[in-house]
2 protein chains.
Amino acid sequence: MVTLAEVATHAGVSASTVSYVLSGKRSISAGTRQRVERSIQELGYHPNAGARALASNKSNIIALMVPLRTDMYVPVMMEIAIAVATTARTHGYDVLLLTGEEGPDAVRRVTGSGLADAMILMDVEMDDERLPLLRGTDQPSVLIGLPADTSGLTCVDLDFAATGALCVEHLATLGHRDIAVIGEAPGVYERHTGFAERTLEGLRSRARELGLRVLHRPCEGGYDAMTLTLARIFDERPDTTGFVVQNESAVEPLLALLRRQSRAVPEDVSVIAVCPDQVAVQASVRLTSVAIPAQEMGRRAVEQLVAKLDGRDTDEVVLLAPELTIRASTGPVSTLS
Amino acid sequence: MVTLAEVATHAGVSASTVSYVLSGKRSISAGTRQRVERSIQELGYHPNAGARALASNKSNIIALMVPLRTDMYVPVMMEIAIAVATTARTHGYDVLLLTGEEGPDAVRRVTGSGLADAMILMDVEMDDERLPLLRGTDQPSVLIGLPADTSGLTCVDLDFAATGALCVEHLATLGHRDIAVIGEAPGVYERHTGFAERTLEGLRSRARELGLRVLHRPCEGGYDAMTLTLARIFDERPDTTGFVVQNESAVEPLLALLRRQSRAVPEDVSVIAVCPDQVAVQASVRLTSVAIPAQEMGRRAVEQLVAKLDGRDTDEVVLLAPELTIRASTGPVSTLS
DNA sequence: GTGAAAGCGCTAACAA
DNA sequence: TTGTTAGCGCTTTCAC
C-alpha cells in the first residue's frame with residue numbers, strides 16, 4: 001500500500017506538502033505541485049480513508065437509511081437511492097446503505113462512531129421515532145418525506161398536498177363530480193406515512209372547494225384486492241366517473257377491470273395516477289399522471305445535506321412542485337349517460 | 001465525543017483492557033469486564049470507525065456495486081441490495097453503496113483507499129471490464145451473476161441454464177411443441193449480460209433434446225413493444241402454444257394482449273414466467289413461474305464474502321437451483337384445435 | 001512556499 | 001489477568 005510519506009519521498013518534498021497539494025488548503029508553487037502530482041500518478045497513490053477520517057474528523061460518507069419494508073413502490077426507492085449515490089459522488093461523498101431494520105439504533109451507531117458525516121432518511125413517518133435523536137445530535141441530516149413536526153429538521157419531498165389538489169382540479173375541469181381515490185395499502189395509512197395522508201388532505205380540501213364528492217379506499221396491490229375495492233366503490237358510489245390512483249401495483253389491475261366491465265377509459269371513466277412517468281407511459285392506457293420525481297428528490301436531498309456540511313444555510317422544507325402530464329386516460333365526462 | 005481512553009479512566013483500567021473487552025481477543029476477568037461494560041454504557045461510548053480502521057487495517061465495510069441502468073427489473077436489485085445490507089449487519093459489516101457509474105475506477109478507489117474490506121458486484125456482464133481488476137487485487141470479492149470466465153472469482157447466481165431447461169420441460173410435459181421466448185430488452189442481450197443468455201442456452205439445448213421448436217424475441221417492456229413482438233411471433237409461428245417470459249414488464253402486457261385476442265390462458269396458450277414470486281402472484285393470471293430468489297442471492301453473496309474475509313475456503317461458483325411453482329397459467333395443450 | 005512534528009483514537013505486540 | 005507503548009497514515013498547527 002502506497003502512503004503519503006512514500007509519495008513525499010518520491011517527490012522530494014515533505015509529507016505536509018503532499019497533503020496540501022491534495023487538499024488545496026495552501027498555495028503550492030507550480031513546480032512542486034507538478035512533481036507531487038506526477039509521483040502520485042506513478043506510485044498509484046490513494047489516500048487512506050481511515051487515516052484521513054481520524055485526522056480530519058470527517059469520513060466523507062453520507063449514510064442513507066432506506067426502509068426495510070417493500071409494501072411501497074420499490075423502484076421509486078431504488079431510483080432515489082441511486083440518485084443519492086450519484087449526486088453524493090459529485091460532491092466527494094460516498095454513501096453508506098442502512099436499512100430501517102436497526103431503527104433508531106442505526107442513527108446512534110453512525111452518529112457515535114463517526115462512520116458518516118451526515119445522514120439521509122427515507123420513508124419518514126408522521127411521528128417518526130428517529131426524529132428526537134436527529135434533533136438531539138449535531139450531525140446534519142435531511143429527510144426525504146415530511147413528518148408532522150418539521151421544526152429543526154430539513155426535509156425534501158414532493159408537495160403531495162398540491163399533488164392531490166392538482167389531480168382533483170384536472171378532473172373537475174373535465175366535469176367529473178364523483179371521484180374515487182384508490183390509495184396505498186392500508187398499512188401505509190396505519191403507519192401514518194406522511195405522503196399518503198397529505199395527498200388525501202390536499203385532494204379532499206380542494207374537492208370541497210370545488211364541490212366534488214370524494215371516496216377514498218386504500219388498496220393492497222394486485223388483481224384480487226382491486227376487484228374487491230372496485231366493486232365496493234361502484235356499489236357505494238355508482239356515479240363515480242373519476243379515479244385518482246396512488247398505488248403503482250393497483251394501476252394495471254384497475255385498468256384491466258374497468259375494461260372487463262366495459263367501462264371505457266377515458267370515454268366512460270377517467271383515471272389519473274400519481275406515479276413515476278415510466279409507469280404512466282408503460283401502462284396499457286397511457287396515463288394522465290402527476291409524476292413522482294424520484295431522481296430530483298434524491299439529488300435535492302444530497303444538495304441540502306452538502307450545504308449543511310459546508311455550513312451554508314439551508315431551507316427547512318423543500319417541497320417540489322407537482323407537474324401534471326395529460327395523456328390518454330382522462331377526458332371530459334360523458335354527457336350521454 | 002467519548003474515547004476509549006475516557007472509558008478506561010472511568011473504569012479504572014488501561015486502554016488496552018477496554019479494547020480487549022470490546023474485541024474479545026483475550027480473556028478478561030468477570031469483574032473487570034463488568035466494570036468496563038458499565039462504563040461504556042454510562043458514557044455512551046462508540047468506537048471511532050476511522051481510528052479503528054487505521055489501527056486494524058480493516059474497515060468492516062463491504063462495498064456493493066449496483067448497476068446504474070434501470071432497464072432491468074429494479075425490485076430484484078433492490079431486494080438483493082437490502083438482503084446484502086441486512087445480512088452484512090449480522091456479520092458486523094456495513095455496506096457502502098456504489099453505482100456502476102464510476103465503473104472500474106470505483107474498484108480502484110475502494111481498493112486503494114481501504115474504504116471497504118471487500119466488494120460485491122451486481123449485474124455482471126459476460127466479459128466485464130471490472131474483472132481483470134478484481135483478479136489483480138487481493139481484496140476479496142463476490143459477483144452476483146456469472147461472467148464467461150469465472151476462474152479466480154467467486155460467483156453467486158441462480159442457475160439460469162437449469163431455469164431455462166425447467167421451463168421448457170414443464171411445457172413439453174404438457175404437450176406443447178412450439179415455444180416462444182419473450183426475453184429482456186434487446187440492450188440486455190447486446191451487453192451480453194450473463195443471465196439472459198444462459199437462460200436461453202439452457203432452454204434451447206433442452207428443447208433440442210425434447211424436439212421442441214423455440215422462437216426467441218427480446219422485448220422492451222410495455223404494451224406497445226409487446227403488441228409488436230406478439231404479432232411477429234404469431235406471424236412467424238402460428239402454432240405457438242407455449243410462452244416463456246423473462247421480462248417482468250412484459251408479463252402483464254402479454255396477458256392483456258392474449259386476452260384481447262381471445263386466446264385463453266391456459267386453455268389455448270400456456271405462459272410460464274421467470275420472475276420474483278410476488279410478480280407471479282400479483283399478475284392478472286396467477287402465473288406458473290420459476291422464482292428469482294433475490295434475497296437468497298444477496299444473503300449467499302455476503303456469506304461467501306465473509307467466509308473469504310475470515311480466511312475460510314469458498315466455493316468458486318454457487319448456483320442456486322431453480323424452483324418451479326405451478327400456478328394457473330399453464331395447462332395441457334388443447335387437443336381440440 | 002515549505003518543513004517538522006504533534007496528535008487524531010484505536011489495536012496489538014511486548015512486558016509483567 | 002492486566003498494563004505500557006509503539007505505531008497505523010493523515011491533517012494541521014507552528015515555525016521558518
Side-chain angles (χ1 to χ4, degrees), chain A residues 1-37 39-40 43-61 92 94 109-117 309, chain B residues 1-37 39-40 43-61 92 94 109-117 309:
Chain A
M1 194 203 169
V2 188
T3 69
L4 181 146
E6 296 178 272
V7 174
T9 308
H10 186 270
V13 298
S14 73
S16 59
T17 298
V18 177
S19 179
Y20 283 119
V21 166
L22 254 30
S23 69
K25 286 188 182 171
R26 79 181 183 193
S27 46
I28 303 281
S29 71
T32 307
R33 152 163 291 119
Q34 295 214 340
R35 270 182 301 130
V36 170
E37 280 169 350
S39 298
I40 289 177
L43 301 179
Y45 168 73
H46 286 270
N48 180 285
R52 190 168 253 193
L54 179 56
S56 66
N57 205 24
K58 292 189 51 213
S59 64
N60 279 291
I61 288 179
D94 271 296
R109 194 167 58 84
V110 168
T111 305
S113 67
L115 231 186
D117 297 330
L309 285 164
Chain B
M1 192 203 169
V2 188
T3 68
L4 181 146
E6 296 178 276
V7 175
T9 308
H10 186 271
V13 299
S14 74
S16 60
T17 297
V18 177
S19 177
Y20 283 119
V21 166
L22 254 30
S23 70
K25 287 188 182 173
R26 77 181 184 193
S27 47
I28 303 281
S29 72
T32 307
R33 150 164 293 120
Q34 296 213 338
R35 269 181 303 131
V36 170
E37 280 170 349
S39 298
I40 289 178
L43 301 179
Y45 168 72
H46 286 270
N48 180 285
R52 189 169 254 191
L54 179 57
S56 66
N57 206 23
K58 293 190 50 214
S59 64
N60 279 292
I61 288 178
D94 272 295
R109 195 167 59 82
V110 168
T111 306
S113 67
L115 232 186
D117 297 331
L309 285 164

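- Remark: P of C:dC10 and CG of A:N48 are 16 Å apart, rounded to the nearest angstrom.
- Rounded to whole Å, the distance from CG on B:L22 to P on D:dT2 is 15 Å.
- The shortest heavy-atom contact between B:N60 and B:G92 is OD1-O, 3.7 Å.
- Contact detail for B:I28 and B:Y20: the closest heavy-atom pair is CD1-CB, 4.0 Å.
- Counting distance only, with no hydrogens placed and no angle test, the side-chain atoms of A:S16 and the base atoms of C:dG3 include a donor-acceptor pair under 3.5 Å.
- In this structure, A:L4 atom CG and C:dA5 atom P are separated by 16 Å, rounded to whole Å.
- Residue contacts for B:S23: at a heavy-atom cut-off of 4.0 Å it reaches no nucleic acid atom on any strand shown.
- A close approach under 4.0 Å does occur between a side-chain nitrogen or oxygen of B:S14 and OP1 or OP2 of D:dG3.
- For the pair A:T17 and C:dG3, the criterion of a side-chain N or O lying under 4.0 Å from OP1 or OP2 is met.
- Within the structure, a side-chain polar atom (N or O) of B:S19 is placed less than 4.0 Å from OP1 or OP2 of C:dT11.
- Of all heavy-atom pairs between A:S113 and B:H46, the closest is N-CB, 3.9 Å.
- With hydrogens and angles ignored, a donor-acceptor pair under 3.5 angstrom links the side chain of B:R26 to the base of D:dT2.
- Listed here is the closest heavy atom pair of A:R35 and A:G12: NH1-O, 4.2 Å.
- Regarding contacts with the backbone of C:dT11, every side-chain N or O of B:K25 stays at 4.0 angstrom or more from both OP1 and OP2.
- Among the nucleotides D:dT11, C:dC10, D:dC10, the one closest to any side-chain atom of A:S56 is D:dT11.
- What separates NE2 of B:H46 from P of C:dC8 is a distance of 21 Å, to the nearest Å.
- Taking OG of A:S19 as the reference point, atom CZ of A:R52 lies at 7.5 Å (rounded to 0.5 Å).
- Taking only side-chain nitrogens and oxygens, B:S27 comes nearer than 4.0 Å to OP1 or OP2 of D:dT1.
- Distance, B:K58 NZ to D:dG9 P: 17 Å, rounded to whole Å.
- Judged by closest nucleotide on DNA chain D, B:Y20 is the one of B:L54 and B:Y20 placed further toward the 5' end.
- Residue-level contact check: B:S29 touches the backbone only, with heavy atoms under 4.0 Å from sugar-phosphate atoms and none from bases.
- What separates NE2 of B:H10 from C1' of C:dG9 is a distance of 19 Å, to the nearest Å.
- Phosphate proximity of C:dG9 to B:R52: absent, as no side-chain N or O sits under 4.0 Å from OP1 or OP2.
- One atom, CG of B:N60, and another, P of D:dC8, lie 20 Å apart when rounded to the nearest Å.
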